[in-house]
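Bear in mind that the values here come from a model prediction, so they are computed numbers and not experimental data.
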Amino acid sequence: IVGAVTAAKIAKDAGQPFSVEWTLADNTTVLLDADQVISVGFAMLTHITSTHEKGRNLRSAIVAAEDAESLNAITW
């Protein structure tokens with residue numbers, strides 16, 4: 001994804017056309033233009049950022065747990 005976003009940004013900055021065929025979760029494909037690929041990159045960033053935030057919060061809860069009961073109460 002990062003490579004595709006980089007290529008899309010380079011093409012866009014150079015005023016060149018850009019498209020890439022992207023395979024989706026259901027194994028179908030779509031043709032994405034530069035703006036769409038860049039949007040995929042931002043969506044990935046949002047997902048990764050929220051996952052890391054959740055992980056940090058869980059780590060804090062684990063460290064703060066005072067006994068097995070409070071530790072076992074921590075869920076994803």
Smallest separation among heavy atoms of A11 and F18, with atom names: CB-CB, 3.7 Å
With side chain to side chain contact (heavy atoms under 4.5 Å, CB included) as the test, pick out the partner of D35 among D33, L32, V37. D33
Nearest 0.5 Å please: distance from the CD1 atom of I10 over to the OG1 atom of T6. 6.0 Å
To the nearest 0.5 Å, atom CD of E21 lies from atom OG1 of T29 at 4.0 Å
Going hydrophobic residue to hydrophobic residue with side-chain gaps under 4.5 angstrom, can you get from I1 over to L31? no
Please check if any side-chain donor atom of S60 sits under 3.5 Å from a side-chain acceptor atom of N57, or the reverse. no
Checking the side chain of T49 only, and the main-chain atoms of T46 only, is there a donor and an acceptor separated by less than 3.5 Å? no
Side chain of K9, backbone of I38: donor and acceptor closer than 3.5 Å? no
For the atom pair CG (L58) and CD (E53), what is the distance rounded to the nearest 0.5 Å? 11.0 Å
Once rounded to the nearest 0.5 Å, what's the spacing between atom OG1 of T51 and atom CH2 of W76? 5.5 Å
With rounding to the nearest 0.5 angstrom, report the NE2 to CZ distance, H52 to R59. 10.5 Å
If we only count heavy atoms from C-beta on, is the V30 to L24 side-chain gap below 4.5 Å? yes
Measuring from atom NE2 of H47 to atom CE of M44, what distance do you get when rounded to the nearest 0.5 angstrom? 9.5 Å
